[in-house]
Peer 1: 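Sharing a structure here in structure tokens format.
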Number of protein chains: 2
Amino acid sequence: MSKERVTVIDIARAAGVSKSTVSLVLQGSHLVNAATRDKVNAVIRELGYVYNRGAANLRQSRAKSGIIGVVVNDLTNSFFAELAVGVDDVVQSAGYVQFLSNTGENIDRQRQVIASMREHGISGLIISPARGTEAADLKPLTASGLPVVLTVRNIAGAKVSTVMSDNRAGSSAATEHLLKLGHRRIAYLGGFDDTAVHEERLAGYRDALQAAEIEPSEELVISSAPSRAGGVDAIGRAMTVAAPPTAAVCFNDAVAFGVCDGLRSRGMEPGRDFGVVGFDDVIEAKTAVPALTTVSVDPQGTGRRAAQLLLKQINSGSPAAEAIITSVRLVVRQSCGAGSSAYPERKAS
Amino acid sequence: MSKERVTVIDIARAAGVSKSTVSLVLQGSHLVNAATRDKVNAVIRELGYVYNRGAANLRQSRAKSGIIGVVVNDLTNSFFAELAVGVDDVVQSAGYVQFLSNTGENIDRQRQVIASMREHGISGLIISPARGTEAADLKPLTASGLPVVLTVRNIAGAKVSTVMSDNRAGSSAATEHLLKLGHRRIAYLGGFDDTAVHEERLAGYRDALQAAEIEPSEELVISSAPSRAGGVDAIGRAMTVAAPPTAAVCFNDAVAFGVCDGLRSRGMEPGRDFGVVGFDDVIEAKTAVPALTTVSVDPQGTGRRAAQLLLKQINSGSPAAEAIITSVRLVVRQSCGAGSSAYPERKAS
DNA sequence: TGACAGATTTAGAACGTTCCAAATAATCTG
DNA sequence: CAGATTATTTGGAACGTTCTAAATCTGTCA
């Protein structure tokens, strides 16, 4: 069933020209006569020729494989799926193809995946690193001249371009909003201690409290896994302190959903009895009940930004690392208690 | 910054051996003396050599690029993200790397993406085709001997291996369940008319009605986009007929969520005033309020199955197309009204 | 010690493309 | 129509690997 591979030489022979001419046609060169071009193209179609990019790359000094590698740490999180879609969008229209891999937070797998991508000669890499990735892991990549864009999670000391959202400002805005609603004991829940994102969001939270001249209480800052389960856990611990909080800024939406679950299981209704704010604005945030007040970061937009930056870097061969911070905005819905009028009345038609 | 590429010859020179020996080392051949192997490996690490798979593939007749192409029609739908994770899982542990692309239901983009993948010499392809894909589109692929596995959506007349879920049985079970709860006017909502999946699920719905000796009413079968918005639209139309339904079997979970939205906006609570059943069991189904009764198809499992089948095909060079139908099961939660006792009482602690 | 077997190593020809330099064909120019 | 351009076409040498066949080395045995 599997035929012999048909090569540029086969089609040259069939079309009665030289392989050089065929190559020229393949590259859409204007040097070749229209008539021969058409004939060659006809033969190409007829024989079902498929271009061997590997062979071509071999010859071209500035290897343009046309592949962009994308590495994400958790594809099951819709945030990253959306990010990938954003990247794919830009990358495809620029004529590249995307090579997406999921590390599932496994750093060994990440190493493996990146090695594999390099072997295949990717022209650039966009990465949302797995937990525990260090600057040293990226060093060999950039050293070899591979354009790299770091996104979502920053890595201390990495000398690469980054596209990050403004975590500090977002978290600060979320906290301010809760303050404005009258809350005074506001918790910060969820997130792993050792990640840069967590640090930044926590800093934003503290900024807002400080600005309101409220002494931040350490017992109201509770870290946990950045997942729904982590949220349940965090709110559980938060409610046991001497003076429990009346609202919480959460590390991300998953945690916020978990916090809502936890509140309900103790007989409290989020948005009515307790203010909850998330971060990310995943798709479900809008449609959950109560709809989640959250900081919107537009994952697709972030992906597109990252892709654009990478392409720019590829095309210019620019060695200068650029840092883009994408702005975020607070989307007020029901879980914080602000838009409450829209929610409880829904029962009767 | 970008250094000269270091090749097998460079490392041969540095290690004082021939390129052939280096090649042997690279392939982990036992023919090479342990001492030289170690020396070569040391030099490899030292010079930061990266293997050029393109060049290698050029030489190897049975081109083992080690890339598996995965094409999905909508990555923003978490079903497909999960599917990709399942594929990646199997594929990575088999030493392959995944090349994931999203077509966004755009058939031109799909053509483009597949062409690109072929140029890069993928060893196999797993595809959930975009709407409108025809058997003729897959013909050239299989004709060239490329192993292909079709999943999620079938294509009439395509002579390739498939991994599909048992749509008919699932839909039938969902319908039966609603009948058992006492519903007699059950609608079938959502899905595009011209897709095989829609046909199958609709057939299952009719099977169940027939078995219960209920004459299916055509006005209760309403197709729409297979999205949340489509669901809102479909339920809107369904409620305007002379004798409106009291429950609905939905094309997929997204539609089901839309139906819930639509019901609420007309003052009806899904699970209490109207039975809703979805299909797919996406992650949000479990945690939505009310939790969605749905047909579970295990997207990751499907992905793993598809990947296994593809690998089997690659390794055996087997020309025989195989059709796997994965079984599904109804997961009863609250939206159908069956498990209702758990839901409304939640208010008080 | 010379020949033989096994263990290692190696030169050089592929693989399918691009690119350079040079050849050939076609068209002008006066 | 010769010479000069310009438009097309073309050999053949790369590119970085693998593979085959053959070369070299190392002991061993008679």
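Treat the numbers as computed from the prediction; the structure is a model and nothing was measured.
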Peer 1: Identify whether the distance between the nearest side-chain nitrogen and carboxylate oxygen of Glu105(B) and Arg153(B) falls below 4.0 Å.
Peer 2: yes
Peer 1: Could you tell me which non-hydrogen atom of Met117(A) sits nearest to which non-hydrogen atom of Phe99(A), and how far apart they are?
Peer 2: CE-O, 3.2 Å
Peer 1: To the nearest 0.5 Å, tell me how far Gln92(A) CD sits from Ile68(A) CD1.
Peer 2: 11.5 Å
Peer 1: Identify the two heavy atoms, one from Val70(B) and one from Leu125(B), that lie closest to each other, and give their separation to 0.1 Å.
Peer 2: N-CD1, 4.4 Å
Peer 1: Heavy-atom count check: over 12 atoms from other residues, nucleotides or ligands less than 6.0 Å from Arg109(B) CZ?
Peer 2: yes
Peer 1: Just the table, please: protein N/O against nucleotides 4-6 of chain D N/O, every pair under 3.5 Å.
Peer 2:
none

Peer 1: Rounded to whole Å, how long is the line connecting atom CG of Leu31(A) with atom P of dC20(C)?
Peer 2: 12 Å
Peer 1: In terms of side-chain heavy atoms, does Ser144(B) have a donor or acceptor partner in Arg118(B) at a distance below 3.5 Å?
Peer 2: yes
Peer 1: Strictly by modelled atom types, are Ser20(A) and Ser23(A) linked by a side-chain donor-acceptor pair under 3.5 Å?
Peer 2: no
Peer 1: Which atom pair, heavy atoms only, marks the closest approach of Ala320(A) to Ser161(A)?
Peer 2: O-OG, 4.2 Å
Peer 1: What's touching nucleotides 16-18 of chain C from the protein side, N or O pairs under 3.5 Å?
Peer 2:
residue	atom	partner	partner atom	Å
dG16(C)	N2	Ala55(A)	O	3.2
dT17(C)	OP1	Tyr49(A)	OH	2.3
dT17(C)	OP1	Asn52(A)	N	3.4
dT17(C)	OP2	Val8(A)	N	2.5
dT18(C)	OP1	Tyr51(A)	OH	2.9
dT18(C)	OP2	Ser23(A)	OG	2.4
dT18(C)	O2	Arg59(A)	NE	2.9

Peer 1: How close or far is atom C1' of dT8(D) from atom NZ of Lys39(A), stated in whole angstroms?
Peer 2: 13 Å
Peer 1: For Arg37(A) and dT9(D), give me the distance from atom CZ to atom C1', rounded to whole Å.
Peer 2: 15 Å
Peer 1: Between Thr36(A) and dT8(D), is there a side-chain N or O to OP1/OP2 distance below 4.0 Å?
Peer 2: no
Peer 1: Do the side-chain N or O atoms of Thr21(B) get closer than 4.0 angstrom to the phosphate oxygens (OP1, OP2) of dT10(C)?
Peer 2: yes
